[in-house]
Amino acid sequence: QRRPFTLDELVHVCLRLKLGNAPDRRNFYNDFWHKIAVRLIGESAGKEWREGRTIMEAMLAAVNATLAGDILAPEHWAMQMIVPVLKPMMLGHMPGDYRDVTLTSNEEKVFAKMLELRLREVVEELGILDSCQHGFREGLSCDMALWSLMSVIEREALLRKGKLFLVFWDVQKAFPSTWRERLIHQ
């Protein structure tokens with residue numbers, strides 16, 4: 001069902017935006033939306049509160065019109081700029097010394113977060129994901145999945161009175177220019 005987003009959902013998303021990140025192409029920061037959301041929660045009737053509410057209602061109208069298919073998303077929501085950022089302890093001589101950071105509009109980030117929350121809600125309600133799926137789920141993490149795996153392995157090792165050896169090997173960062181298939185084969 002495509003029910004419109006509410007002002008409460010928009011405020012919730014804006015409060016969860018990462019602060020202090022890079023600005024978007026128009027030099028707006030996530031902090032802009034966060035500050036407006038904080039003001040709305042304060043529920044004061046001052047001029048700043050009314051202006052903030054007007055801005056949030058305009059954003060909400062654009063989100064709902066886009067979701068309903070009444071309008072295309074504003075063009076600047078789709079504009080992205082990819083900026084190469086030098087990785088720590090790299091010299092900058094090779095392309096692999098950089099990571100790409102994609103700057104998108106803050107409005108697009110808000111829209112994407114709202115869609116993500118709605119999708120998560122639907123997926124959880126319908127029970128689509130396996131109970132073993134931990135990553136990208138509320139209250140569950142990959143660390144928790146690893147902890148569960150370790151518990152099962154330790155229990156099995158104790159039942160069999162055997163020894164347990166585990167190796168976690170991150171060859172991507174340890175050997176950035178090594179031919180990994182050959183290393184593993186040897």
Side-chain angles (χ1 to χ4, degrees), residues 9-10 12-38 59 62-63 66-67 72-124 128-154 156-157 163-186:
E9 288 174 300
L10 176 57
H12 174 75
V13 164
C14 290
L15 290 173
R16 294 180 63 188
L17 290 172
K18 292 180 184 175
L19 302 181
N21 283 6
D24 66 10
R25 294 172 51 94
R26 296 169 302 134
N27 213 27
F28 279 102
Y29 290 81
N30 286 342
D31 304 49
F32 171 78
W33 292 103
H34 186 268
K35 286 177 184 176
I36 293 174
V38 168
M59 176 64 179
V63 165
T66 302
L67 185 66
L72 293 175
E75 191 174 308
H76 73 272
W77 289 13
M79 300 286 279
Q80 299 179 343
M81 183 168 58
I82 300 173
V83 180
V85 176
L86 186 64
K87 293 177 183 175
M89 305 191 43
M90 295 297 203
L91 299 175
H93 300 303
M94 303 288 291
D97 292 354
Y98 296 88
R99 66 182 179 92
D100 296 332
V101 174
T102 304
L103 301 179
T104 60
S105 77
N106 292 308
E107 292 89 347
E108 186 274 333
K109 290 177 190 175
V110 169
F111 182 59
K113 285 281 184 196
M114 292 178 80
L115 288 176
E116 177 191 349
L117 287 177
R118 185 67 60 87
L119 283 171
R120 286 177 190 258
E121 179 183 302
V122 169
V123 164
E124 291 295 333
I128 293 172
L129 295 178
D130 189 279
S131 62
C132 295
Q133 168 73 36
H134 278 66
F136 307 106
R137 291 182 76 186
E138 194 74 30
L140 299 171
S141 66
C142 291
D143 290 340
M144 288 180 68
L146 184 58
W147 180 261
S148 297
L149 175 63
M150 294 282 292
S151 298
V152 168
I153 292 171
E154 287 174 355
E156 291 299 315
K163 293 184 180 181
L164 174 65
F165 298 96
L166 289 175
V167 176
F168 294 95
W169 189 18
D170 183 357
V171 295
Q172 175 68 33
K173 293 182 180 155
F175 306 101
S177 61
T178 303
W179 185 16
R180 289 180 202 87
E181 290 79 16
R182 173 112 183 181
L183 183 64
I184 291 170
H185 177 72
Q186 288 181 343

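Just so you know, these numbers come straight off a predicted model, no measurement behind them.
- Taking both residues in full, the closest heavy atoms of Val110 and Leu10 are given as CG1-CD1, 3.4 Å, listed atom of the first, atom of the second, then distance.
- When all heavy atoms of Pro74 and Thr66 are compared, the closest pair comes out as CD-OG1, 4.3 Å.
- Between the CD1 atom in Ile153 and the OG atom in Ser148 there is a gap of 11.0 Å [rounded to 0.5 Å].
- A distance of 9.5 Å separates CG in Leu119 from CD in Glu121, rounded to the nearest 0.5 Å.
- To the nearest 0.5 angstrom, Met144 atom CE is 13.5 Å from Leu149 atom CG.
- Taking the side chain as every heavy atom from C-beta outward, Asn106 and Phe32 never approach each other to under 4.5 Å.
- A heavy-atom distance below 4.5 Å is found between the side chains of Leu117 and Arg16.
- Of the possible polar contacts, none joining the Asp100 side chain to the Ile82 backbone as a donor-acceptor pair under 3.5 Å is found.
- The two residues Trp77 and Ser105 make their nearest non-hydrogen contact at CA-OG, 3.4 Å.
- With rounding to the nearest 0.5 Å, the separation of NZ in Lys113 from CD in Glu108 is 10.5 Å.
- Within the model, atoms NZ of Lys109 and SG of Cys14 stand 12.0 Å from one another, a figure rounded to the nearest 0.5 Å.
- Closest approach of Leu15 and Val38 over heavy atoms only: CD2-CG2, 3.7 Å.
- Residues Met81 and Thr102 are not in side-chain contact: their nearest non-hydrogen atoms beyond the backbone lie 4.5 Å or more apart.
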Trace of the side chain to side chain contact (heavy atoms under 4.5 Å, CB included) decision for Trp33 with Glu107: CA-CA 9 Å; Trp33 292 103; Glu107 292 89 347; 3.8 Å; yes
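- Considering every non-hydrogen atom in both Met59 and Phe111, the closest pair reads CE-N, 4.4 Å.
- With rounding to the nearest 0.5 Å, the separation of CE in Met94 from NZ in Lys87 is 11.0 Å.
- Within 6.0 Å of CD1 in Ile128 there are more than 12 heavy atoms belonging to other residues, nucleotides or ligands.
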